[in-house]
A.B. asks: 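Please see the structure below; I have some questions.
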Amino acid sequence: MKKTILKLSAASLGVLAGINQYIDSYVTKTNYHQKLKCYNWEQGDIYYSVNGDGQPLLLIHDLSVFSSENDWTEVAKNLFKTSKVYTLDLIGCGKSDKPAITYTNYLYVQLIRDFIKNVIQEQTNIVASGRSCSFILMADSLNPGLISNVFMINPPTISSLKKQSDKHSKVIKTLFGLPIIGRTCYYIATNRTNTEYYLSEKCFYNPFHMKQYHVKAAYQASHGQKGKGKYLFASLEGNYLNVDITDALRNRTAKTVIIIGNQENGADEIIVSYERINKNIIIRTINNTKHLPQLEAPEDVCTIIKNEIAETETFNNNNQPEQEPYAV
């Protein structure tokens, strides 16, 4: 009986492994590396693009296995007419390396610090989306003068960022860490149906604004490197990336702008909670958009960013005090 069970278990694992290999082969093989530059960071290779001239502007996508620098395609085309625009795939995302580690908020704080110091090499404006907003605030708090203007697109609620990992988190991490079963669970969670659901229900207010290339880009971002995105997925689901940003937000004195889609879940709560901590935060609302206005209303996002940066430059040119430059 035991031998039969073992044989059936081995056969089941073999079937799952075969399915996983089929999914890996099904994902379109595109040589992205020819189109992007590579930053050899200590934790893995980071792929990025840079276009335009002027003051540097770093665009950081949402911290999600579905996200990549492709989220900024339309915005970047507009902004690099007036700024030197950098877009990158965060570690664990898109085309960048996806090491088998526990991902934490401070890991991304280190990445942003090192990328600005070693690649951009001067103080920069940053636009961050979703969960990535938290580690931008922490990077600014821990490295004064590193970042100038900060734009946060639909940041998470303050309360959600205070949730900590627990026993449930360890179970998730262990499950997704399994070689065959973990990859199978990850591929189920990120299959094409779930990818379309994530975009249409959580990211776009008007599903007719969602194009097939949005789905394709999100699907490829999550399935690259044979499912190694499962490690970031497990860290996100297990709350390993959460951090209390209260002090960082309260102590920030430079311009901070929240761009929020008026249809974003919990939009009112987000606005009230952030303004309660820092009354100087500027709120800009984009109507008829949800979590990713950079895809749904890119021109409106660009207009806000350009106007706020221009206003800051005018302010600084009038000999007003500005942040101490970051020593690189």
Side-chain angles (χ1 to χ4, degrees), residues 39 41 43-44 46-49 56-73 75-76 79 85-98 103-116 119-120 124-143 146-158 160-163 198 202-203 217-218 221-222 229 231-233 235-237 239-245 248-249 252 256-261 264-266 270 274 281 290-295 301 305:
Y39 168 46
W41 191 44
Q43 296 290 348
I46 305 298
Y47 286 92
Y48 71 97
S49 64
L57 175 63
L58 176 59
L59 307 180
I60 300 177
H61 61 76
D62 193 4
L63 190 54
S64 161
V65 296
F66 296 111
S67 297
S68 69
E69 58 108 24
N70 287 316
D71 291 358
W72 300 108
T73 300
V75 170
L79 291 176
V85 179
Y86 294 81
T87 61
L88 80 165
D89 282 345
L90 295 169
I91 192 164
C93 301
K95 300 163 284 291
S96 292
D97 282 350
K98 303 178 179 182
Y103 292 78
T104 65
N105 194 278
Y106 187 63
L107 173 74
Y108 290 96
V109 169
Q110 291 178 299
L111 171 58
I112 296 308
R113 178 199 65 193
D114 293 345
F115 187 83
I116 294 176
V119 179
I120 300 178
T124 184
N125 297 313
I126 291 187
V127 184
S129 180
R131 294 193 188 192
S132 296
C133 297
S134 63
F135 63 76
I136 295 307
L137 289 174
M138 297 304 295
D140 175 65
S141 177
L142 295 172
N143 304 274
L146 179 69
I147 300 166
S148 47
N149 297 311
V150 165
F151 298 84
M152 299 187 290
I153 299 178
N154 291 317
T157 60
I158 302 293
S160 69
L161 290 171
K162 293 182 179 180
K163 296 178 181 179
Y198 167 76
K202 296 185 178 182
C203 298
S222 64
Y231 300 107
L232 173 59
F233 185 86
S235 296
L236 286 166
E237 292 296 313
N239 295 323
Y240 289 99
L241 282 139
N242 287 345
V243 65
D244 188 350
I245 62 171
L249 182 62
R252 180 164 167 79
T256 307
V257 180
I258 289 180
I259 301 174
I260 197 152
E264 172 75 347
N265 294 331
I270 292 169
Y274 279 74
I281 285 179
K290 210 167 186 179
H291 191 63
L292 294 177
Q294 60 266 46
L295 291 181
V301 172
I305 294 170

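Sequential numbering from 1 along the given sequence is applied to the chain's residues. On a predicted model such as this, the values are computed, not experimentally measured, just so you know.
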A.B. asks: Would you name the heavy atoms of Ala128 and Cys133 that are closest together and state the gap between them?
C.D. replies: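 So the minimum-distance heavy-atom pair works out to O-SG, 3.5 Å.
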A.B. asks: Determine whether a donor-acceptor pair (N or O, by modelled atom type, separation under 3.5 Å) exists between the side chain of Thr157 and the backbone of Ile270.
C.D. replies: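 No, the answer is negative, given that no donor and acceptor are paired below the 3.5 Å cut-off.
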A.B. asks: What heavy-atom pair brings Met138 and Ala248 nearest, and what distance separates the two atoms?
C.D. replies: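 Heavy-atom minimum between the residues: SD-CB, 3.9 Å.
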A.B. asks: Distance check, rounded to the nearest 0.5 Å: Asp71 atom CG versus Ile153 atom CD1?
C.D. replies: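 So the gap between those two atoms works out to 10.0 Å.
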A.B. asks: Hey, is the main chain of His291 close enough, under 3.5 Å, to the side chain of Asn154 for a donor-acceptor pair?
C.D. replies: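 The answer is yes, because a donor-acceptor pair under 3.5 Å joins these two groups.
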A.B. asks: CG of Leu292 to OG of Ser129: how many Å apart, nearest 0.5 Å?
C.D. replies: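 One finds 5.5 Å between CG of Leu292 and OG of Ser129.
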A.B. asks: Flag the pair Trp72 / Val85 as yes when at least one side-chain heavy-atom distance between them is below 4.5 Å, and no otherwise.
C.D. replies: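 Not touching, per the 4.5 Å side-chain cut-off.
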A.B. asks: State, yes or no, whether a side-chain contact exists between Asn143 and Ile112 at a heavy-atom distance under 4.5 Å.
C.D. replies: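 A side-chain contact is absent here, since even the closest heavy-atom pair is not under 4.5 Å.
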A.B. asks: Tell me whether Asn125 contacts the main-chain N or O of Asn149 through its side chain, where contact means a donor paired with an acceptor under 3.5 Å.
C.D. replies: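 Flag set: sc Asn125 to bb Asn149 pair under 3.5 Å.
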A.B. asks: Within this structure, what is the CZ-CG distance for the pair Phe151 and Leu59, rounded to the nearest 0.5 Å?
C.D. replies: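 Spacing of CZ (Phe151) from CG (Leu59) equals 10.5 Å.
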A.B. asks: Walk me through it: do Leu63 and Phe135 pass the test side chain to side chain contact (heavy atoms under 4.5 Å, CB included)?
C.D. replies: CA-CA 10 Å; Leu63 190 54; Phe135 63 76; 4.1 Å; yes
A.B. asks: Test Arg252 against Leu137 for side chain to side chain contact (heavy atoms under 4.5 Å, CB included), laying out the working first.
C.D. replies: CA-CA 8 Å; Arg252 180 164 167 79; Leu137 289 174; 4.1 Å; yes
A.B. asks: Do you know which two heavy atoms are closest between Pro56 and Ile120, and how far apart they sit?
C.D. replies: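 Closest approach of Pro56 to Ile120: CB-CG2, 3.7 Å.
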A.B. asks: Donor-acceptor check, side chain of Asn239 to backbone of Lys163, threshold 3.5 angstrom: yes or no?
C.D. replies: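 No, because the side chain of Asn239 does not come within donor-acceptor range (under 3.5 Å) of the backbone of Lys163.
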A.B. asks: If you measure from OG on Ser64 to CG on Leu232, what distance do you get to the nearest 0.5 Å?
C.D. replies: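 It comes to 7.5 Å.
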A.B. asks: For the residue pair Arg113 and Tyr106, what are the closest heavy atoms and their distance?
C.D. replies: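 Reported closest heavy-atom pair: NH1-OH, 4.1 Å.
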A.B. asks: Please work out which of the three classes, parallel, tilted or perpendicular, describes the rings of Tyr198 and Phe66, given edges at 30° and 60°.
C.D. replies: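 Rings of Phe66 and Tyr198: parallel, under 30°.
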A.B. asks: Return yes if some donor-acceptor pair links the side-chain N/O of Asp62 with the main-chain N/O of Ser67 below 3.5 Å, else return no.
C.D. replies: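 Between the backbone of Ser67 and the side chain of Asp62 there is no qualifying donor-acceptor contact (under 3.5 Å).
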A.B. asks: What class does the angle between the rings of Tyr108 and Tyr103 fall in, given that below 30° is parallel, 30 to 60° is tilted and above 60° is perpendicular?
C.D. replies: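 The rings of Tyr108 and Tyr103 lie parallel, inter-plane angle below 30°.
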A.B. asks: Would you indicate whether the side-chain heavy atoms of Gln294 and His61 approach each other to under 4.5 Å?
C.D. replies: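 No, too far: nothing below the 4.5 Å cut-off.
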A.B. asks: Run the side chain to side chain contact (heavy atoms under 4.5 Å, CB included) test on Ile46 and Val119 for me, step by step, so that the C-alpha distance in whole Å, both residues' side-chain angles and the decisive distance to 0.1 Å come before the verdict.
C.D. replies: CA-CA 11 Å; Ile46 305 298; Val119 179; over 6 Å; no
A.B. asks: Taking the side chain as C-beta and beyond, is there a heavy-atom pair between Ser96 and Leu88 under 4.5 Å?
C.D. replies: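 Not touching, per the 4.5 Å side-chain cut-off.
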A.B. asks: Does some side-chain heavy atom of Leu161 sit less than 4.5 Å from a side-chain heavy atom of Val243?
C.D. replies: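 When only atoms from C-beta onward are counted, Leu161 and Val243 do not touch, as no gap falls below 4.5 Å.
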A.B. asks: Starting at CE of Met152, measure out to CD1 of Ile126 and round the result to the nearest 0.5 Å.
C.D. replies: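 Answer rounded to 0.5 Å: 11.5 Å.
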A.B. asks: Ile245 vs Tyr274, test: side chain to side chain contact (heavy atoms under 4.5 Å, CB included). Steps then yes/no.
C.D. replies: CA-CA 10 Å; Ile245 62 171; Tyr274 279 74; 3.7 Å; yes
A.B. asks: First locate atom CG of Leu146, then atom CD1 of Ile116, and finally report the distance between them rounded to the nearest 0.5 Å.
C.D. replies: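 Answer for the CG-CD1 pair, Leu146 versus Ile116, is 4.0 Å.
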A.B. asks: Evaluate the side-chain proximity of Tyr39 to Asp114: yes if any heavy-atom separation is below 4.5 Å, no if none is.
C.D. replies: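 Result yes, sub-4.5 Å side-chain heavy-atom pair found.
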A.B. asks: Test your reading of the model: is there a side-chain donor-acceptor pair from Asn242 to the backbone of Ser160, 3.5 Å cut-off?
C.D. replies: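 Yes, Asn242 side chain to Ser160 backbone: donor-acceptor pair under 3.5 Å.
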A.B. asks: Is a donor on one side and an acceptor on the other found under 3.5 Å between the side chain of Thr87 and the backbone of Glu69?
C.D. replies: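 Answer holds: no.
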A.B. asks: Do Ile305 and Leu57 have side chains that get closer than 4.5 Å, going by heavy atoms?
C.D. replies: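 Yes, their side chains come closer than 4.5 Å.
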A.B. asks: Do Asn105 and Ser134 get their side chains close enough for a donor-acceptor pair, meaning under 3.5 Å?
C.D. replies: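 Yes - a donor-acceptor pair under 3.5 Å links their side chains.
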